[in-house]
Novice: 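Take this structure first; my questions come after.
Nothing fancy with the numbering, it's 1 onward along the sequence. Everything quoted here is computed from the prediction, not taken from an experiment.
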Amino acid sequence: MRHLFLLALTALFTAAAPAAAQDTEARWSIAIHGGAGTLDPDAMTPARRAAYEAALQNALDAGARVLAAGGSATDAVKAAIVPLEDEPLFNAGRGAVFTWEGENELDASIMDGRDRSAGAVTGVKSIKNPILLADTVRTDSPHVFLTGAGAEEFAAEHGIETAPPEWFATEPRRESLERMKAQELSSLDVDHKFGTVGAVALDMQGNLAAGTSTGGMTGKRWGRVGDSPVVGAGTYADNRACAVSATGWGEYFIRVGVAHEICSRLRFLRSTNWLTLGNRRVPSGETQAISQLAADAVMNEVKELGGDGGVILVTPEGHALYSFNTTGMYRARATSEGVNEVAIFADE
Ligand code: GLY
């Protein structure tokens, strides 16, 4: 009897061996976004579309290069976000929206899923690439979240690059603020797309990371802070579950705790062996479907409360996924399996 049992066990492990070898093959994966919101296909000229696609492809390539060379997920996230912050098309860094007082106030956060170390800054006005400052908070301070003047002082002590107000200010964003004030509109009326930027990555060491950067919402006042710099709302990464970066109407993403909520649901499913059966993985297609369901369910909660926007996520298996409840989301993804795509509208 014991002999039969051992034979069956040997057969099981022999049969499982090729799948296990395939599963442990080093792979990488990255997804980025440049904001989700009301995007009108009729208002998108071919030239404008080409400009967005080129900017997204450029950022995607920068992150993918880091991963393909064996670099870390956190380095890939920064490499992808920096060009998006420098690109005036997006609402982060250069091209950020204006506050009620006519300034550009920037927020960013980053998280390493390996040890859940995180760094975030809010309300900085002179930091050229807030994502780099957020990461320096993560690596070089005992803190997670720094604000305003204190964050700028920390940046100066750590040699972080600054830029004058003219670097961040662009005419289309200034016009949005002026229109908002003149016509007594809400920020949602003038921010037809939110334009926050973000990236999530899985590196070949199996580590996940997420980062997000934004100028917030046009006409924000009273020190308003959105979800992007709030770890758990706009950004979260945990090697045991997934990495998420969000974009959208920040107040709702904070209330739902979107990024952590998605990771939390996936971690629970994993811990209860829904995604891993003993030491055998559930087929890749199913982990993708379950991860998509978890993200969609959380985004549905945002919608039920009245909010809109979207998320990007990557899983430990390397699935690079999106979920959004708007007509479009500027987005792109690439994987070591050969995926390389840029998309804008919901039906693409
Ligand atoms: N999601 C960006 C913000 O609400 O500030």
Side-chain angles (χ1 to χ4, degrees), residues 32-37 77-78 80-82 84-88 90-101 103-111 118-138 141 143-155 160-163 165 167-169 173 177 187 191 193-200 210-237 244-255 257-260 307 309 311-312:
I32 65 170
H33 69 77
V77 162
K78 288 185 285 178
I81 290 180
V82 165
L84 295 172
E85 288 180 330
D86 289 345
E87 168 55 66
F90 302 106
N91 172 20
R94 189 173 178 213
V97 299
F98 281 85
T99 64
W100 188 259
E101 291 77 22
E103 294 182 301
N104 303 112
E105 271 182 14
L106 313 168
D107 303 336
S109 63
I110 189 165
M111 187 161 188
V121 293
T122 183
V124 295
K125 298 178 186 172
S126 72
I127 306 303
K128 181 170 173 285
N129 294 109
I131 194 69
L132 300 182
L133 177 56
D135 199 45
T136 307
V137 173
R138 180 181 74 85
S141 89
H143 306 300
V144 168
F145 205 173
L146 301 183
T147 69
E152 307 243 4
E153 193 183 325
F154 174 83
I160 300 289
E161 189 178 358
T162 57
W167 167 260
F168 303 103
R173 299 295 191 191
L177 177 68
S187 49
D191 289 349
K193 55 177 179 51
F194 296 102
T196 293
V197 307
V200 289
T212 311
S213 182
T214 192
M217 293 177 111
T218 299
K220 64 184 182 182
R221 62 204 300 200
W222 309 305
R224 180 263 184 192
V225 180
D227 60 310
S228 305
V230 179
V231 171
T235 301
Y236 203 77
V244 178
S245 170
T247 170
W249 195 343
E251 280 69 9
Y252 291 91
F253 284 70
I254 293 173
R255 287 166 61 190
V258 166
H260 182 266
V311 292
I312 52 172

Novice: Quick test of your reading of the model: are Arg224 and Glu251 salt-bridged, counting only N-O distances below 4.0 Å?
Specialist: yes
Novice: I need the Leu133 CG to Glu161 CD distance, nearest 0.5 Å.
Specialist: 12.5 Å
Novice: Specify the closest pair of heavy atoms between Ala36 and Thr247, including all atoms of both residues, with the distance to one decimal.
Specialist: N-OG1, 3.3 Å
Novice: To the nearest 0.5 Å, how far apart are CZ in Arg94 and CD in Glu85?
Specialist: 13.0 Å
Novice: Does any non-hydrogen side-chain atom of Val197 lie less than 4.5 Å from one of Ile32?
Specialist: no
Novice: Restricting to ring-ring contact (aromatic ring centres under 6.0 Å, His included), what partner residues turn up for Tyr252, sequence neighbours left out?
Specialist: Trp249
Novice: Given 3.5 Å as the limit, does a donor-acceptor pair link the side chain of Asp107 with the main chain of Thr214, or not?
Specialist: no
Novice: For Gly215 versus Ala96, what's the shortest heavy-atom pair and its separation?
Specialist: CA-CB, 3.9 Å
Novice: List for me each residue that meets side-chain hydrogen bond (donor to acceptor under 3.5 Å, both in side chains) alongside Asp135, sequence neighbours excluded, and say none if there are none.
Specialist: Lys78, Arg138
Novice: Has Ser245 got a side-chain atom pairing as donor or acceptor with Gly211's backbone, closer than 3.5 angstrom?
Specialist: yes
Novice: Measuring only between side-chain heavy atoms, which start at C-beta, is Val311 closer than 4.5 Å to Val258?
Specialist: yes
Novice: Are the side chain of Asp227 and the backbone N or O of Ala233 linked by a donor-acceptor pair below 3.5 Å?
Specialist: no
Novice: For the residue pair Glu105 and Thr99, confirm or rule out a side-chain donor-acceptor distance under 3.5 Å.
Specialist: no
Novice: To check you understand the geometry: which heavy-atom pair defines the closest contact between Ala120 and Pro229, and what is its length?
Specialist: CB-O, 3.2 Å
Novice: Contact between Val200 and His33 at the side-chain level, heavy atoms closer than 4.5 Å - yes or no?
Specialist: no
Novice: Go through it in stages, so that I can follow the logic: the residues are Phe98 and Asn104, the test is side chain to side chain contact (heavy atoms under 4.5 Å, CB included), and I'd like the CA-CA distance, side-chain angles, deciding distance and then a yes or no.
Specialist: CA-CA 5 Å; Phe98 281 85; Asn104 303 112; 3.9 Å; yes
Novice: Do the non-hydrogen side-chain atoms of Ile110 and Ile131 ever get within less than 4.5 Å of each other?
Specialist: yes
Novice: Do you know the tightest heavy-atom contact between Ser109 and Ala134?
Specialist: CA-CB, 4.0 Å
Novice: Which residue, Arg221, Lys125, Arg173, Lys220, forms the salt bridge (Lys or Arg N to Asp or Glu O under 4.0 Å) with Glu103?
Specialist: Lys125
Novice: Can you find a pair of side-chain heavy atoms, one from Lys128 and one from Asp86, that are under 4.5 Å apart?
Specialist: yes
Novice: Compare all side-chain heavy atoms of Val137 with those of Phe154 and state whether any distance is below 4.5 angstrom.
Specialist: yes
Novice: Are any of the side-chain heavy atoms of Val121 and Ile127 separated by less than 4.5 Å?
Specialist: no
Novice: Kindly compute the distance separating CE (Met111) from OG1 (Thr235), expressed to the nearest 0.5 Å.
Specialist: 9.5 Å
Novice: Could you check whether any side-chain heavy atom of Tyr236 comes within less than 4.5 Å of a side-chain heavy atom of Val231, counting everything from C-beta outward?
Specialist: yes
Novice: Between Ser213 and Ala92, which heavy-atom pair has the shortest distance, and what is it?
Specialist: O-CB, 3.5 Å
Novice: Taking all atoms of both residues into account, what is the closest heavy-atom pair of Leu84 and Gly198, and its distance?
Specialist: CD1-O, 4.5 Å
